[in-house]
Amino acid sequence: MKENRAASVALLSRHFGVHEVTIRRDLVEIEQEGLLRRTHGGVIVEQGVSIEPPFMERSTNEVDQKKRIARKAAEMIEDGDCIILDSGTTTVHLIPHLLHRSNLTVVTNDINIAAELRSPDIKVIVTGGELFHEGFVLNGMYADRMLGTMRLQKAFIGTWAVHPVYGLTYQDSFVVPTKQAMIRAAQQIILLADHSKIGKVALHALAPIHDIHTMITGTEADEAESCLAPFRSCGIHVVTA
């Protein structure tokens with residue numbers, strides 16, 4: 001179904017070895033999450049849910065919102081902090097808010113972020129790892145091992161999707177272990193997610209929702225307050241910018 005974007009109930013029943021009634025019941029629940037659309041006798045995967053756009057395309061989406069989110073996130077960073085900046089098209093906008101800080105230590109797997117944080121008052125540590133050439137991001141075994149030796153105060157994490165039940169999920173399995181290592185390495189986890197990612201679910205589980213302490217999103221999410229209330233009910237500090 002992932003390749004063809006459509007499948008019949010009968011085909012799914014044979015594939016998973018369960019009764020068609022079970023398949024129909026499960027499809028109702030998945031449709032409610034916005035991951036697919038049921039048709040007569042089958043199902044169609046919704047466009048854009050399971051396919052991650054190219055990095056350059058993502059970097060030009062919701063730019064104003066991402067800048068506002070980054071500005072709000074920077075307010076949580078104090079001089080002398082040791083922080084993690086995850087790779088991403090939102091975390092990169094933190095850079096101009098950090099260049100004037102004193103005695104700051106930044107750990108990142110994003111070569112673009114590392115290159116821009118050139119300041120005598122900022123110590124930059126790059127994780128190492130395998131280079132993902134499209135976005136100049138480092139992931140893999142060496143990045144994970146290095147992060148496993150660190151204990152930092154705050155981690156600013158990006159994700160592909162965040163849901164109050166299914167937590168943080170990501171479409172590309174290759175980046176998941178490094179993001180998980182970042183979460184384990186920090187005392188406080190701050191999720192940066194524009195409103196388009198809220199309530200969505202991607203293929204690979206990244207972290208349960210209770211791993212997150214603060215979620216910063218755009219004021220666009222206020223238009224549907226019901227989508228933020230479940231996160232607050234989970235004990236997450238939700239901030240809109």
Side-chain angles (χ1 to χ4, degrees), residues 2-3 45 47-63 65-67 69-70 73 82-98 105-118 122-150 152 154-163 166-186 189-194 196-198 200-208 211-212 215-216:
K2 182 178 178 182
E3 289 77 14
V45 176
Q47 286 279 19
V49 173
S50 61
I51 301 174
E52 184 168 15
F55 179 84
M56 290 305 296
E57 179 181 334
R58 287 184 287 123
S59 67
T60 58
N61 290 338
E62 303 291 346
V63 173
Q65 182 179 179
K66 291 174 180 178
K67 288 181 177 180
I69 292 170
C82 297
I83 67 171
I84 293 174
L85 286 189
D86 185 13
S87 62
T89 58
T90 303
T91 50
V92 70
H93 292 294
L94 273 159
I95 293 170
H97 304 289
L98 301 183
T105 298
V106 178
V107 178
T108 186
N109 65 329
D110 191 315
I111 292 178
N112 291 313
I113 291 176
E116 293 295 327
L117 284 177
R118 293 190 298 272
I122 301 178
K123 177 190 290 186
V124 179
I125 301 174
V126 182
T127 62
E130 184 176 345
L131 180 64
F132 183 58
H133 63 86
E134 183 189 5
F136 291 96
V137 176
L138 299 165
N139 289 292
M141 177 179 67
Y142 298 107
D144 304 348
R145 285 183 176 177
M146 183 174 182
L147 288 163
T149 69
M150 295 182 169
L152 300 103
K154 300 162 187 172
F156 295 85
I157 302 294
T159 189
W160 173 242
V162 57
H163 189 280
Y166 302 109
L168 279 64
T169 52
Y170 213 90
Q171 192 56 33
D172 188 347
S173 63
F174 181 60
V175 307
V176 168
T178 300
K179 289 178 180 287
Q180 291 173 333
M182 290 179 173
I183 291 173
R184 290 191 298 269
I189 310 302
I190 301 99
L191 175 67
L192 310 184
D194 68 70
S196 68
K197 299 175 181 177
I198 295 176
K200 302 294 179 62
V201 181
L203 182 60
H204 301 286
L206 170 55
D211 277 2
I212 305 304
M215 180 173 75
I216 306 178

I need the minimum non-hydrogen distance between [X] and [Y], along with the two atoms involved.
{"X": "Val176", "Y": "Ala205", "answer": "CG1-O, 3.7 Å"}
{"X": "His204", "Y": "Asp172", "answer": "CD2-C, 4.0 Å"}
{"X": "Asp194", "Y": "Lys66", "answer": "OD2-CE, 3.7 Å"}
{"X": "Ile183", "Y": "Ala207", "answer": "CD1-CB, 3.7 Å"}
{"X": "Leu117", "Y": "Val124", "answer": "O-CG2, 3.5 Å"}
{"X": "Met215", "Y": "Val162", "answer": "SD-CG1, 4.2 Å"}

Checklist entry - Do Leu94 and Leu85 pass the side-chain contact (heavy atoms from CB on, under 4.5 Å) test, and can you show the C-alpha distance, the side-chain angles, and the key distance before you say yes or no? => result CA-CA 9 Å; Leu94 273 159; Leu85 286 189; 3.4 Å; yes

Item to check | Residues Met146, Val107; criterion side-chain contact (heavy atoms from CB on, under 4.5 Å); working and verdict | outcome: CA-CA 10 Å; Met146 183 174 182; Val107 178; 5.8 Å; no

Next on the checklist: Apply side-chain contact (heavy atoms from CB on, under 4.5 Å) to residues Leu147 and Asn109 and explain how you reach the verdict.
Outcome noted: CA-CA 10 Å; Leu147 288 163; Asn109 65 329; over 6 Å; no

Identify, with sequence neighbours excluded, every residue that meets side chain to side chain contact (heavy atoms under 4.5 Å, CB included) alongside [X].
{"X": "Ala161", "value": "Thr169, Lys200, Ala202"}
{"X": "Arg184", "value": "Gln180, Ala181"}
{"X": "Ala155", "value": "Ile84, Ile157, Ala186, Ile189"}
{"X": "Pro96", "value": "none"}

Roughly how far, to the nearest 0.5 Å, is [atom2] of [Y] from [atom1] of [X]?
{"X": "Leu191", "Y": "Thr159", "atom1": "CG", "atom2": "OG1", "value": "6.5 Å"}
{"X": "Tyr166", "Y": "Leu168", "atom1": "OH", "atom2": "CG", "value": "15.0 Å"}
{"X": "Thr91", "Y": "Ile69", "atom1": "OG1", "atom2": "CD1", "value": "11.0 Å"}
{"X": "Cys82", "Y": "Leu152", "atom1": "SG", "atom2": "CG", "value": "6.0 Å"}
{"X": "Lys197", "Y": "Tyr170", "atom1": "NZ", "atom2": "OH", "value": "7.0 Å"}
{"X": "Ile190", "Y": "Ile212", "atom1": "CD1", "atom2": "CD1", "value": "9.0 Å"}

Item to check | Qualifying residues under salt bridge (Lys or Arg N to Asp or Glu O under 4.0 Å), relative to Lys154, sequence neighbours excluded | outcome: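 Partners of Lys154 by the salt bridge (Lys or Arg N to Asp or Glu O under 4.0 Å) criterion, ordered by chain and then number, come out as Asp81.
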
Item to check | Tyr142 atom OH: more than 12 heavy-atom contacts under 6.0 Å | outcome: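 Count not over threshold, so no.
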
Item to check | CA sep, side-chain torsions, deciding dist, call: Asp110, Thr108, side chain to side chain donor-acceptor pair (under 3.5 Å) | outcome: CA-CA 5 Å; Asp110 191 315; Thr108 186; 5.5 Å; no

Item to check | Which residues share a side chain to side chain donor-acceptor pair (under 3.5 Å) with Thr178, sequence neighbours left out | outcome: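 With sequence neighbours excluded, Thr178 shows a side chain to side chain donor-acceptor pair (under 3.5 Å) to Asn139, Asp144, given in chain and number order.
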
Checklist entry - With sequence neighbours left out, what residues match Thr105 under side chain to side chain donor-acceptor pair (under 3.5 Å)? => result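 Expected list: none.
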
Checklist entry - Can you check whether Phe156's main-chain N or O pairs, donor with acceptor, with Asp86's side chain at less than 3.5 Å? => result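 Not confirmed, Asp86 side chain does not pair with Phe156 backbone.
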
Next on the checklist: Tell me whether Lys179 contacts the main-chain N or O of Gly158 through its side chain, where contact means a donor paired with an acceptor under 3.5 Å.
Outcome noted: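 Yes: the side chain of Lys179 pairs with the backbone of Gly158.
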
